[in-house]
Each structure stands twice: as structure tokens, then as C-alpha cells.
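Because the structure is predicted, anything quoted here is derived from the model rather than measured.
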Amino acid sequence: MFNIKKQINRLYTSSVLGQLSLSGAWVAILAARGFSLAQIGFAETVFHIVSLLFEIPSGVVADVFGRKKTLIISCVMRIIGNFVMVLSNNFALVCVSIAFHALNYNFSSGSGDALAYDSLKSVGKEGQFEKYASNQMIIYRACEGLSTLLAGFSLWIGYRIAYSSGIAFGLVQLAVLSGLTEIRIDQSKKKINVINEVVGCFKQSLLFLKDARKAVLLMFTNSFVGALDILLLFFLQAKLPMAGIPKWALGLALLAMQAGGVLGARVILFVKNVRYRGLFASATLVIMLGVALEHSALYAVMTLGGFMAAFADDALQVRTNAILQDMLPSEQRATLISMESFTFSVIMIVLSPLAGLFFAWW
């Protein structure tokens with residue numbers, strides 16, 4: 001008999017294992033190895049290029065072959081990426097490792113949420129998905145904060161041990177994922193030809209987006225707000241030291257900003273009657289206020305700005321995820337979620353250089 005509680009707990013556990021890492025401060029690790037900022041920037045570009053190329057195809061694979069299988073593939077990509085980084089002795093291998101980590105992101109994005117929603121729907125509990133999304137956001141922020149706190153420790157033990165720990169976490173995660181149950185809401189179709197199934201899934205997803213303008217708008221607005229928050233937090237990592245924050249306090253400040261996301265993901269569960277337009281407007285306003293505080297040159301005020309932005313972003317993210325899941329057809333769910341991630345990557349590529357110029361000028 002299908003145990004929904006066990007299924008959801010396994011997804012939570014997998015997320016914790018997937019996010020926990022001693023190599024979260026990868027920029028600092030590469031810098032400590034002697035790579036230039038230009039090389040690090042190129043490595044980030046490699047990540048986004050691979051992500052753009054494989055984001056939507058990975059979603060199609062999840063819908064056609066199963067979300068459980070895709071999550072396992074994602075975990076394998078992470079293990080390979082960490083293994084390559086441990087062996088890397090030149091920049092080319094670093095980029096290969098980054099590419100595998102991008103594939104890890106691609107194959108996991110959308111698959112977990114799609115499996116969770118369909119699992120809950122199969123037992124008539126899809127109304128609990130918003131709580132699930134909130135908990136997943138809290139897991140993400142908490143693990144990010146922990147990785148930030150451990151940045152100094154990671155530099156001390158060296159990149160080989162740091163990335164080896166990722167291999168160990170990945171192997172445990174594989175064991176957890178193997179215990180998941182694949183859920184198919186629509187069992188009417190029998191796969192006769194793999195290529196036809198893949199092409200058909202992609203076509204049906206595009207047809208859905210063509211008619212579902214509200215879903216497209218939700219994807220775009222959520223991705224835009226998320227990009228603003230991530231860029232702000234990214235530049236704060238560089239600008240807080242410039243504002244004079246003590247070295248011992250930098251990790252705590254970054255952790256405090258992640259805590260803003262945790263709080264936002266939880267608070268949104270208690271304001272179910274707020275209209276989405278009002279929530280979007282409020283979140284955008286709060287994030288822009290956070291950007292303004294970032295330019296105060298006072299590191300305590302700047303940290304507050306990052307806290308506010310993370311709070312608003314995660315609150316909107318949780319509500320958007322819940323609304324979108326109710327709108328998406330089960331048989332193309334992972335593909336359509338991947339299209340939202342694709343939109344986010346495109347927005348990030350456009351905004352990143354503009355944000356760099358903006359933050360450097362102001």
C-alpha cells in the first residue's frame with residue numbers, strides 16, 4: 001500500500017542530502033586554488049549554457065521516463081561532477097565538473113515537485129502542496145546558510161576533501177531516492193515509441209503554454225523577482241567586506257539573509273487570502289527596498305536589505321509554486337516546471353551583466 005508520508009519524507013531527506021555541501025562556497029574555493037575572477041566567471045557561464053541547453057529536455061525525460069528515474073540521474077550527475085573536481089588539476093576539468101553540476105540541477109529541477117504533487121494528488125491531499133513547497137524552500141535556505149558558515153572550514157580542509165564529502169552525501173542520497181514510489185496520475189497512454197512520446201510531450205507542453213497565458217505570466221514574474229533577489233544576495237557577498245564588516249561576522253550576516261527566506265516561506269502559509277497581484281507587487285517593492293538598503297554603505301543595514309529581499313522572494317515563490325501546480329497537467333508537469341527554470345536562466349543571463357554595472361556604478 002502506498003505510504004504518502006514516507007514518500008514525502010524521502011523527498012525531504014533527498015533535498016537535505018542534495019543541498020548539504022562543504023563546497024557551497026565554490027567561488028572562494030576556486031579563487032583559493034589560484035584561478036582568476038575571469039576564469040571563475042567563465043565557469044559560471046559554462047553552468048548557465050549547459051543549463052539552458054538541457055533544462056527543458058530534462059523535464060521531458062522526467063515526464064516520459066519517470067520522475068524517480070530523473071532524480072536518480074540528477075544524483076549521479078552530482079557524484080560525477082564532484083569526482084571530476086576532486087581529480088581536476090587544470091581549468092578544463094573544472095569546467096567539465098561545473099557542466100555535470102549543471103546537469104544535476106537540470107534533472108532535479110521540476111522532477112521532485114512534480115512527483116510530490118502527483119503523490120499528494122493520488123491520495124486526495126494536493127491541498128497540502130503549498131506546505132510541502134514551503135518546507136522545501138526552508139530546507140534550501142537552511143542548507144545554503146550552513147554551507148556559508150562552513151566556507152572557512154572548507155578552505156581549511158582543501159577542495160579535494162570538500163568535494164569528496166559531496167560524493168559521500170550523493171551515495172546516501174541515491175539510497176534514499178531508490179525507495180521512492182513512481183506515481184502516474186494519467187495511466188491511459190501506453191508508450192509505443194520513445195521518440196514519439198518525447199516529441200509528443202514537448203508539443204503538448206507548448207500547446208498548453210500557448211493557451212495558458214496566466215501560467216506563462218506566473219512563470220515570468222516569479223523568475224524575474226527571484227533573479228532580483230539572487231543577484232542582490234550575490235553582490236552583497238562582495239560588497240559587505242567593502243563596507244567594513246568584520247571577517248568573523250560575514251558568515252553570520254549571510255546566514256541571517258538566508259533566514260529571511262526561511263521566515264518568508266513559513267509566513268506565507270498564514271496569509272492565504274492575499275490576492276496574487278497584491279503579493280507580487282509587495283514582494284517586488286520589498287526587494288527593491290532591499291536593493292536601496294544595499295547602497296547604504298552600512299553593513300548592518302545592507303544585511304537587513306538582503307534579509308528583506310529573501311523574505312519577499314521565498315514567500316512569492318511558495319505561493320507561485322502552489323498556484324502553478326494546480327494549473328499544470330500531470331503528464332507534462334515536469335516539462336512545464338523546467339520551462340519556468342529555463343525562463344529564470346534566460347533572465348539571469350540578461351540581468352547579471354546589467355546588475356554588475358549597476359552595483360559597481362551606484
Side-chain angles (χ1 to χ4, degrees), residues 1-16 59 62-63 66-68 70-71 108-142 179-188 205 208-209 211-219 221-223 225-226 261-283 311-341:
M1 182 177 179
F2 177 60
N3 189 325
I4 183 62
K5 184 176 180 179
K6 184 177 180 180
Q7 177 92 330
I8 296 300
N9 285 338
R10 282 188 177 274
L11 288 170
Y12 286 147
T13 304
S14 173
S15 295
V16 171
D63 284 329
R67 287 74 182 265
K68 174 183 174 179
T70 311
L71 289 172
S108 64
S109 66
S111 300
D113 282 352
L115 181 57
Y117 186 86
D118 282 347
S119 296
L120 290 167
K121 188 175 182 179
S122 69
V123 294
K125 295 182 178 181
E126 60 267 34
Q128 295 183 13
F129 180 81
E130 187 172 48
K131 182 180 179 181
Y132 168 85
S134 172
N135 290 337
Q136 286 286 30
M137 192 63 66
I138 290 172
I139 289 172
Y140 167 76
R141 289 292 187 182
L180 288 172
T181 301
E182 187 68 71
I183 299 295
R184 291 286 190 181
I185 299 299
D186 183 3
Q187 300 282 1
S188 60
S205 298
F208 172 81
L209 290 178
D211 296 329
R213 295 183 180 180
K214 183 178 179 180
V216 174
L217 183 61
L218 284 174
M219 291 179 181
T221 54
N222 188 51
S223 296
V225 170
V262 172
L263 185 61
R266 184 56 64 191
V267 168
I268 192 63
L269 298 180
F270 300 97
V271 287
K272 294 184 178 294
N273 294 327
V274 177
R275 295 186 62 184
Y276 187 83
R277 289 184 180 180
L279 181 62
F280 168 73
S282 299
F311 177 93
D313 177 30
D314 283 15
L316 184 67
Q317 178 76 50
V318 170
R319 179 57 50 82
T320 304
N321 282 349
I323 295 175
L324 275 176
Q325 292 293 344
D326 286 338
M327 299 172 62
L328 304 181
S330 176
E331 58 271 20
Q332 289 102 38
R333 191 179 306 283
T335 303
L336 291 166
I337 297 174
S338 291
M339 288 182 176
E340 182 187 11
S341 297

Anything under 3.5 Å between a donor and an acceptor, one on a side chain of residues 312-324, the other on a protein residue two or more places apart or in another chain? List them.
| residue | atom | partner | partner atom | Å |
| --- | --- | --- | --- | --- |
| D314 | OD1 | R141 | NE | 3.4 |
| D314 | OD1 | R141 | NH2 | 2.9 |
| D314 | OD2 | R141 | NE | 2.7 |
| Q317 | OE1 | N222 | ND2 | 3.2 |
| Q317 | NE2 | N321 | OD1 | 3.0 |
| R319 | NE | E130 | OE2 | 2.6 |
| R319 | NH2 | E130 | OE2 | 3.4 |
| R319 | NH2 | I268 | O | 3.0 |
| R319 | NH2 | V271 | O | 3.4 |
| T320 | OG1 | Y276 | OH | 2.7 |
| T320 | OG1 | L316 | O | 2.7 |

*Dump the intermediate steps for side-chain contact (heavy atoms from CB on, under 4.5 Å) on L115 and S111, then the final yes or no.*
CA-CA 6 Å; L115 181 57; S111 300; over 6 Å; no
*asked:* Any heavy-atom pair between the side chains of Q128 and I8 that's under 4.5 Å?
replied: no
*Please tell me if the side chains of Y117 and K121 come closer than 4.5 Å, counting only heavy atoms from C-beta onward.*
yes
*Quick check: does any side chain N or O of S134 sit under 3.5 Å from a backbone N or O of A265, one acting as donor and the other as acceptor?*
yes
*side-chain contact (heavy atoms from CB on, under 4.5 Å) evaluation trace for D326 with F129*: CA-CA 9 Å; D326 286 338; F129 180 81; over 6 Å; no
*Shortest non-hydrogen separation from Y132 to G112 and the atoms involved*: OH-O, 3.8 Å
*Could you state the interatomic distance from OG1 (T221) to CZ (F280), rounded to the nearest 0.5 Å?*
5.0 Å
*Can you name the residues that form a side-chain hydrogen bond (donor to acceptor under 3.5 Å, both in side chains) with S15, not counting sequence neighbours?*
Q136
*Could you give all pairs that pass the side chain to side chain donor-acceptor pair (under 3.5 Å) test and reach residues 262-271, with sequence neighbours left out?*
N135-R266
*Any idea which heavy atoms bring V262 and A142 closest together, and the distance?*
CG2-N, 4.3 Å
*So, Q7 side chain and L180 main chain: donor-acceptor pair closer than 3.5 Å or not?*
no
*Testing I4, V123, D118 for side-chain contact (heavy atoms from CB on, under 4.5 Å) with I183, which one passes?*
D118
*Could you go step by step and tell me if K5 and N9 meet the side-chain contact (heavy atoms from CB on, under 4.5 Å) rule?*
CA-CA 6 Å; K5 184 176 180 179; N9 285 338; 3.7 Å; yes
*Reported CD-to-CG distance for the pair E182 and L71, which is rounded to 0.5 angstrom*: 8.5 Å
*K68 NZ to R10 CZ distance, which is reported to the nearest 0.5 Å*: 8.5 Å
*Taking atom NZ of K272 as the centre, report whether more than 12 heavy atoms of other residues, nucleotides or ligands fall under 6.0 Å from it.*
yes
